[in-house]
Amino acid sequence: MKITVVGAGAVGATTADNIARKELCEELVLLDIKEGIAEGKAQDMTQTAALLGFDTRITGSTNDYAKTAGSDVVVITSGLPRKPGMTREELIGVNAGIVKGVAENILRYSPDAIIIVVSNPMDTMTYLALQSTGLPKNRIIGMGGALDSARFKYQLSQHLGASPADLNATVIGGHGDTTMIPLIRYATWNSIPVTELLSAEAQQQIVADTMVGGATLTKLIGTSAWYAPGAAAASVVESIVRDEKKLIPSCVLLEGEYGQKDICLGVPVVIGKSGWEKIIDYKLNAEEQALFNKSADAVRSMNDVLKTL
Ligand SMILES: NC(=O)c1ccc[n+]([C@@H]2O[C@H](COP(=O)([O-])OP(=O)(O)OC[C@H]3O[C@@H](n4cnc5c(N)ncnc54)[C@H](O)[C@@H]3O)[C@@H](O)[C@H]2O)c1
Ligand SMILES: O=C(O)C[C@H](O)C(=O)O
């Protein structure tokens, strides 16, 4: 198994670190456009092997895609992160060019790869990667829901005094401050609906705080987060390489599912060795479906911006 992570910045390096620690592959390539950064981080990470006890071989590459040849899975994290006060959508102008170029280069050397898109605005970057590579839809997965659902569980755990591991909670829709939809109606604490345990005010607060989870961290740190994003991206990789069939909300092409088509948006999907394998229908109620449609409208207008770049 060979995995490439493009972008050796905060999220890319953390994703690679998680992949290596979990020994998800024999060969891991970290690629960046900035001279030396990928080689340096690959060497630094390799020096943890003796301490942590893993055997994954990690190679760094300064923009040499030949080194990525034959990758089974590729994670794209290259691109600008937002600064405090910005939205993810404001990154489209720079990141669209980066993601398109990277996806095309990857495909040249790894025609069979499954691609995971992390760069923001992620829903539109996933759509762009799908359009520009023409890959089968199941091989392009946008990572957002895995992270947002982990943040949703974090918020629930704080209010309930519960272990996040005992919580089951899902965020669908876009990966944006106003487009994500934490499905509180479906959230449970070891099978008990959280709606039976929390006041209406607490539920509203949890949903609101989950939606701005990324913005909150960006304000605190001065750039966007990387520990949970890197762990979330690695969890999607793990479900693919171990063929786990985990149900992970992810951004995929919709062709009528959830009432939408010609758009990549977050829905619960089963992820295994072929990429995303099927979409699970959560049977949204009218209010949730209205939110989903609104989210789709917002993402579609970002997708339209691609035509003007
Ligand atoms: N989808 C998500 O859940 C999620 C979560 C966190 C961050 N992000 C996004 O991930 C991206 C990366 O964030 P970060 O914090 O790692 O940023 P960063 O600045 O730390 O790293 C980005 C890296 O990309 C590299 N890069 C730029 N152009 C490149 C190219 N053409 N080829 C190869 N490498 C290139 C840069 O040199 C840099 O090292 C941002 O767009 C951010 O918004 C998404
Ligand atoms: O918030 C961001 O801009 C980065 C990422 O999408 C996140 O949710 O952490």
Side-chain angles (χ1 to χ4, degrees), residues 4-17 29-42 60-65 67-68 74-106 115-126 128-129 141-152 154 171 174-180 182 209-236 248-251 264-266:
T4 289
V5 178
V6 182
V11 178
T14 310
T15 303
D17 190 35
V29 180
L30 193 55
L31 180 145
D32 203 283
I33 201 164
K34 258 189 240 154
E35 187 73 40
I37 178 181
E39 288 85 343
K41 290 200 181 182
S61 165
T62 300
N63 222 26
D64 177 4
Y65 281 83
K67 292 198 176 138
T68 69
V74 176
V75 186
I76 301 180
T77 75
S78 45
L80 288 187
R82 63 173 156 169
K83 296 249 180 292
M86 287 174 75
T87 64
R88 297 175 181 87
E89 286 76 9
E90 287 173 69
L91 302 168
I92 191 171
V94 178
N95 287 357
I98 294 175
V99 169
K100 186 165 186 285
V102 166
E104 287 165 357
N105 280 326
I106 282 298
I115 296 182
I116 299 169
V117 180
V118 176
S119 313
N120 274 317
M122 182 278 294
D123 304 285
T124 297
M125 294 303 102
T126 304
L128 171 65
I141 303 170
M143 193 294 290
L147 171 64
D148 299 331
S149 301
R151 287 181 175 152
F152 190 14
Y154 162 77
V171 177
H175 178 61
D177 298 341
T178 57
T179 58
M180 65 181 82
D209 290 347
T210 300
M211 292 174 75
V212 296
T216 303
L217 293 173
T218 303
K219 193 168 166 210
L220 288 168
I221 303 173
T223 183
S224 57
W226 57 87
Y227 292 112
S235 76
V236 176
I248 305 179
S250 305
C251 178
C264 292
L265 207 55

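As the structure is a prediction and not an experimental result, all values here were calculated from the model. Counting starts at 1 for both ligands and their atoms, following the listed order.
Which parts of ligand 2 touch R88 is read off a 4.0 Å heavy-atom cut-off, strictly below it: atoms 1 (O), 2 (C), 3 (O), 5 (C), 6 (O), 7 (C), 8 (O). Which parts of ligand 1 touch H175 is read off a 4.0 Å heavy-atom cut-off, strictly below it: atoms 1 (N), 2 (C), 3 (O). Close contacts of ligand 2 with H175, meaning ligand atoms under 4.0 Å from a residue heavy atom, involve 5 (C), 6 (O), 7 (C), 8 (O). Within the listing of ligand 2, atoms 1 (O), 2 (C), 3 (O) sit less than 4.0 angstrom from a heavy atom of R82. For ligand 2, the atoms closer than 4.0 angstrom to any heavy atom of L147 are 7 (C), 8 (O), 9 (O).
Of the heavy atoms in I98, only side-chain atoms (C-beta onward) come closer than 4.0 Å to ligand 1. Using a 4.0 Å cut-off between heavy atoms, D148 makes no contact with ligand 2 at all.
Judged purely by distance below 3.5 Å, without hydrogens or angles, the side chains of E39 and T62 pair a donor atom with an acceptor atom.
Between N63 and ligand 1, no pair of N/O atoms sits closer than 3.5 Å.
Note on ligand 2: R151 sits in its first shell, one or more heavy atoms being nearer than 4.0 Å. Residue-ligand proximity: A225 is placed with a non-hydrogen atom under 4.0 Å from ligand 1. Assignment of T77 to the shell around ligand 1 is supported, since a heavy atom sits closer than 4.0 Å. In this structure, K34 counts as a contact residue of ligand 1, since one of its heavy atoms falls inside 4.0 Å of the ligand.
For atom 4 (C) of ligand 2, the closest heavy atom belonging to the protein is S224 CB, 3.4 Å. Here the protein heavy atom with the shortest distance to atom 20 (O) of ligand 1 is A10 N, 2.9 Å.
Judged by distance alone, with hydrogens and angles left aside, the side-chain atoms of N95 form a donor-acceptor pair with the main-chain N or O of N120 at under 3.5 Å.
A salt bridge links R82 with D177: at least one charged nitrogen is closer than 4.0 Å to a carboxylate oxygen.
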